[in-house]
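Nothing fancy with the numbering, it's 1 onward along the sequence. The analysis underlying the following values was restricted to heavy atoms, covering all of them including side chains, and did not include hydrogens, waters or symmetry mates.
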Amino acid sequence: MGSTSEVGRRDLVKQAMALGLISVPTIGALTACASGGDDDNDGGAKSEKTEKNPLGVDKNAPLELLIFDGGFGTQYVEDDAAAYEKKYAKVKTGSTVKIQSKVQGRMAAGDPPDVINNSGDEAMDVPALIGQGQLADMTPLLNAPSIDDPSKTVADTLRPGTVEMGQYGDEKCYRMNIAYSVFGIWYSQKMLDDHGWEYPKTWDDMLAVCAEAKKEGIAGWTYTGVYPQYLGFSMLPMIGKVGGAEVLDAIDNFEPNAWKHDAVKSVLEAHYELYAKGYILEGSGGWKHTESQTKWTEGKAVFIPNGSWVENESKDTTPPDFRMTVSPSPNLDASDAMPFETIWAQAGEPYIVPAKAKNVNGGFEFLRHMLRKESAAGFSKLVSSLASVQGSEEGLEFGTGLTSAIGLMDAAGENFLNPRFPDWYPTTWREHVVFVLGDMMKGDASPGEAVNKIQGIVDDAAKDDSIKKYKH
């Protein structure tokens, strides 16, 4: 998570359009994604399916992986590659922070890697790839027996919502998310304790803590202005808490004037107060995620919106006694539709298998290996993140950040939010909407202007027949 791309995505989008990878501005409830679907793939290496080789992998066919070298690094994939090679053929692993730049030409030419970790700021537009028939349906993988317990399918072993995150309007599943992320507002518990502050459960309390911090020469907030989608980790769940999950559903469904709902306006106005009152660390609007995170771990700001990968991504700059912690976005007030404990948590860090890969079945088998408990536990230990495999964290010891994230999941009970607009309409979200939010947080737009501009962007997308629409 959190790309370090130096290349403007707008330029990359234009390049990808020329190659037919995406269109611009292109781009439900969990159903049985593991049911139905064709168990055989049109192309690529194959072998006879047996009890020990349920996906029919050609043991002589090499496998090629392309991995996003971001917050999770690549070592966990190297470990899985070594396990795969004990049974099958050689694995060639490449890594980059610029997935789209690295692979778009090969995708267009019909010569893609067999497995792609499609993450970071240059992640390819999955809905566009699906529409062009570029991605393999992962139903065979989900129907395959689990390595840990062959009486269960792979789908049976995954955390709730994991399969759903690979669905786009039907029961087919086109991406496998191997991590399980908790989004929220992060802080140093040591800093709060040292100053006698408590984590704010309402926005008035948030502003009060920021005011106290300002007196101490500490900024209340920092964020990444280069990748303003991180602001959504605070704003989107707060919108759901204020107005109810149905407000986020209306946004996802392109319902008329959904972005003009009072809950959206209230949340944007609340965040704008951070700028208006001078509580944001100067320079935040021009920083990459790693820069803002470093300023935060250095103690220059109290709060930062982020995901649970931040503990691993910031480990080199985090003091030993920092006690990294995450909490939900505050409530606006007592009238909110959902309780304070409500959080946004979902499967992330997506892997895809191109339909034209030379070894599609090998790609599925590699993911089956990644989704065994031993591998998932190794991933969690190595990168301080939950895996998408149920129970894979049992018996492990984690840092304070991930421990607090697990605590949030337990405390949330049934109060989970899962906004889909960012991944159903990634170009509209990442190329347009989030930059309006970023402009607002820099004072270049008022909350009212931001709401109107976003609604206009979404209205244009709603009228664009080239953008496939999805509904809950």
Check your understanding: Would you say the side-chain atoms of Asn331 pair up with the backbone N or O of Asp333, donor to acceptor, closer than 3.5 Å?
Key -> no

Point to revise | Phe72 and Phe379 aromatic centres sub-6.0 Å | key: yes

Check your understanding: Just how far is it from atom CH2 of Trp203 to atom SG of Cys210, taken to the nearest 0.5 Å?
Key -> 7.5 Å

Practice item. Test ring-ring contact (aromatic ring centres under 6.0 Å, His included) on Tyr227 and Tyr230 and set out the steps. Key: CA-CA 6 Å; Tyr227 308 117; Tyr230 280 58; 7.1 Å; no

Review point. Is there a donor-acceptor pair closer than 3.5 Å between any side-chain N or O of Asp204 and the backbone N or O of Leu332?
Key: no

Study note, to complete from the structure: So CG of Leu382 and CG of Asn312: to nearest 0.5 Å the spacing works out to 7.0 Å

Exercise for review: Side-chain contact test, heavy atoms from C-beta onward, threshold under 4.5 Å: evaluate it for Trp287 versus Thr222 and give yes or no.
Suggested key: yes

Check your understanding: Is the closest side-chain donor-acceptor distance between Asp149 and Ser146 under 3.5 Å?
Key -> no

Point to revise | Ring geometry between Phe233 and Phe183 (parallel below 30°, tilted from 30 to 60°, perpendicular above 60°) | key: parallel

Check your understanding: Is any NZ, NE, NH1 or NH2 atom of the basic residue among Glu393 and Lys373 found under 4.0 Å from an Asp or Glu carboxylate oxygen of the other?
Key -> no

Check your understanding: Closest heavy-atom contact between Ala405 and Ser308?
Key -> CB-CB, 4.5 Å

Review point. Roughly how far apart are Asp121 CG and Thr224 OG1, rounded to 0.5 Å?
Key: 9.0 Å

Practice item. Given side-chain contact (heavy atoms from CB on, under 4.5 Å), test Thr342 with Leu417 step by step and report yes or no. Key: CA-CA 7 Å; Thr342 303; Leu417 295 168; 3.6 Å; yes

Review point. Does the side chain of His261 reach to within under 4.5 Å of the side chain of Asn257, using non-hydrogen atoms?
Key: no

Review point. Does Asp205 come within less than 4.0 Å of Lys201, counting only side-chain N to carboxylate O?
Key: no

**Study point:** Main-chain N/O of Val267 paired with His271 side-chain donor or acceptor, under 3.5 Å
**Key:** yes

Point to revise | Partner of Glu349 by side-chain hydrogen bond (donor to acceptor under 3.5 Å, both in side chains), out of Asn118, Asn117, Asn177 | key: Asn117

Review point. Can a salt bridge be assigned to the pair Arg420 and Asp249 using a cut-off of 4.0 Å between side-chain N and carboxylate O?
Key: no

Check your understanding: Given side chains that start at C-beta, do those of Leu236 and Leu231 come closer than 4.5 Å, heavy atoms only?
Key -> no

Check your understanding: Are side-chain heavy atoms of Leu371 and Met176 found at a separation under 4.5 Å?
Key -> yes

Practice item. Check whether any side-chain heavy atom of Asp459 lies under 4.5 Å from a side-chain heavy atom of Phe254, and answer yes or no. Key: no

Practice item. Find the distance between CG (Asn418) and CE (Met165) and round it off to the nearest 0.5 Å. Key: 5.0 Å

Practice item. Could you tell me whether the side chain of Ser292 and the main chain of His289 form a donor-acceptor pair under 3.5 Å? Key: yes

Review point. Donor-acceptor pair, Lys260 side chain versus Asn452 backbone, under 3.5 Å?
Key: no

Review point. Is Glu212 salt-bridged to Lys215, cutoff N-O under 4.0 Å?
Key: yes

Check your understanding: According to the interplanar angle, ranging from 0 to 90°, do the rings of Tyr199 and Phe340 count as parallel (below 30°), tilted (30 to 60°) or perpendicular (above 60°)?
Key -> tilted

Check your understanding: Closest heavy-atom contact between Arg372 and Asp80?
Key -> NH2-OD1, 4.2 Å

Practice item. Could you walk me through whether Tyr351 and Ile116 pass the side-chain contact (heavy atoms from CB on, under 4.5 Å) test, one step at a time? Key: CA-CA 6 Å; Tyr351 278 72; Ile116 301 171; over 6 Å; no

**Study point:** Nearest non-hydrogen partners of Tyr425 and Lys468, listed with the distance
**Key:** CE2-O, 3.3 Å

Point to revise | Distance (rounded to the nearest 0.5 Å) between Leu281 CG and Leu274 CG | key: 12.5 Å

Check your understanding: Can you list the steps and then say if Gln293 with Ile304 is a side-chain contact (heavy atoms from CB on, under 4.5 Å)?
Key -> CA-CA 8 Å; Gln293 289 163 192; Ile304 188 170; 3.9 Å; yes

Check your understanding: Under the 3.5 angstrom rule, does the side chain of Ser314 hit a backbone N or O of Glu311 as a donor-acceptor pair?
Key -> no

Review point. Where the side chain of Ser329 meets the backbone of Ser234, is there a donor-acceptor pair that is under 3.5 Å apart?
Key: yes

Side-chain donor-acceptor pairs under 3.5 Å in residues 319-328, sequence neighbours left out?
from: Arg323; atom 1: NH1; to: Asp193; atom 2: OD2; distance (Å): 3.1
from: Arg323; atom 1: NH2; to: Asp193; atom 2: OD2; distance (Å): 3.1
from: Thr325; atom 1: OG1; to: Arg323; atom 2: O; distance (Å): 2.9
from: Ser327; atom 1: OG; to: Tyr187; atom 2: OH; distance (Å): 2.8

Check your understanding: Out of curiosity, Leu66 CG to Lys102 NZ, how far, rounded to the nearest 0.5 Å?
Key -> 7.0 Å

Check your understanding: Is the shortest heavy-atom distance from the side chain of Glu374 to the side chain of Asp148 under 4.5 Å?
Key -> no

Review point. Any chance NZ of Lys381 has more than 12 other-residue heavy atoms, nucleotides or ligands included, within less than 6.0 Å?
Key: no

Practice item. Could you pull out the closest heavy-atom pair between Ile280 and Met441, with the gap in Å? Key: CD1-CE, 3.6 Å

Check your understanding: Would you say Glu341's side chain and Ala411's backbone share a donor-acceptor pair under 3.5 angstrom?
Key -> no

Check your understanding: Using the benzene-type ring in the case of Trp, are the ring centres of Tyr470 and Tyr168 under 6.0 Å apart?
Key -> yes

Check your understanding: Does a donor on one side chain and an acceptor on the other come within less than 3.5 Å for Gln346 and Trp344?
Key -> yes

Check your understanding: Side chains of Ser95 and Thr74: donor-acceptor distance under 3.5 Å anywhere?
Key -> no

Revision key, fill the gap. In terms of heavy-atom contacts, His472 and Asn253 come closest through N-OD1, 3.0 Å

Check your understanding: In terms of side-chain geometry, is the basic nitrogen of Asp252 or Lys471 positioned less than 4.0 Å from the acidic oxygen of its partner?
Key -> no

Practice item. With side-chain hydrogen bond (donor to acceptor under 3.5 Å, both in side chains) as the test, would you mind laying out the steps for Thr297 and Thr317 before giving the verdict? Key: CA-CA 6 Å; Thr297 56; Thr317 66; 2.9 Å; yes

Review point. Is the CD atom of Gln455 crowded by more than 12 outside heavy atoms at less than 6.0 Å?
Key: yes

Revision key, fill the gap. On a heavy-atom basis, the closest approach of Pro160 and Tyr180 is O-OH, 3.5 Å

Practice item. Go through the steps for Met235 and Met238 under the test side-chain contact (heavy atoms from CB on, under 4.5 Å), then give the verdict. Key: CA-CA 5 Å; Met235 293 181 182; Met238 193 170 169; 5.8 Å; no

Review point. Just by modelled atom types, is the Ala412 backbone N or O under 3.5 Å from a matching donor or acceptor in the Asn415 side chain?
Key: yes

Review point. Under a 4.5 Å cut-off applied to non-hydrogen side-chain atoms, are His432 and Val436 in contact?
Key: no

Exercise for review: State, yes or no, whether a side-chain contact exists between Leu192 and Val302 at a heavy-atom distance under 4.5 Å.
Suggested key: yes

Exercise for review: Say whether, by atom type as modelled, one donor and one acceptor occur between the side chain of Gln104 and the main chain of Ser101 under 3.5 angstrom.
Suggested key: no

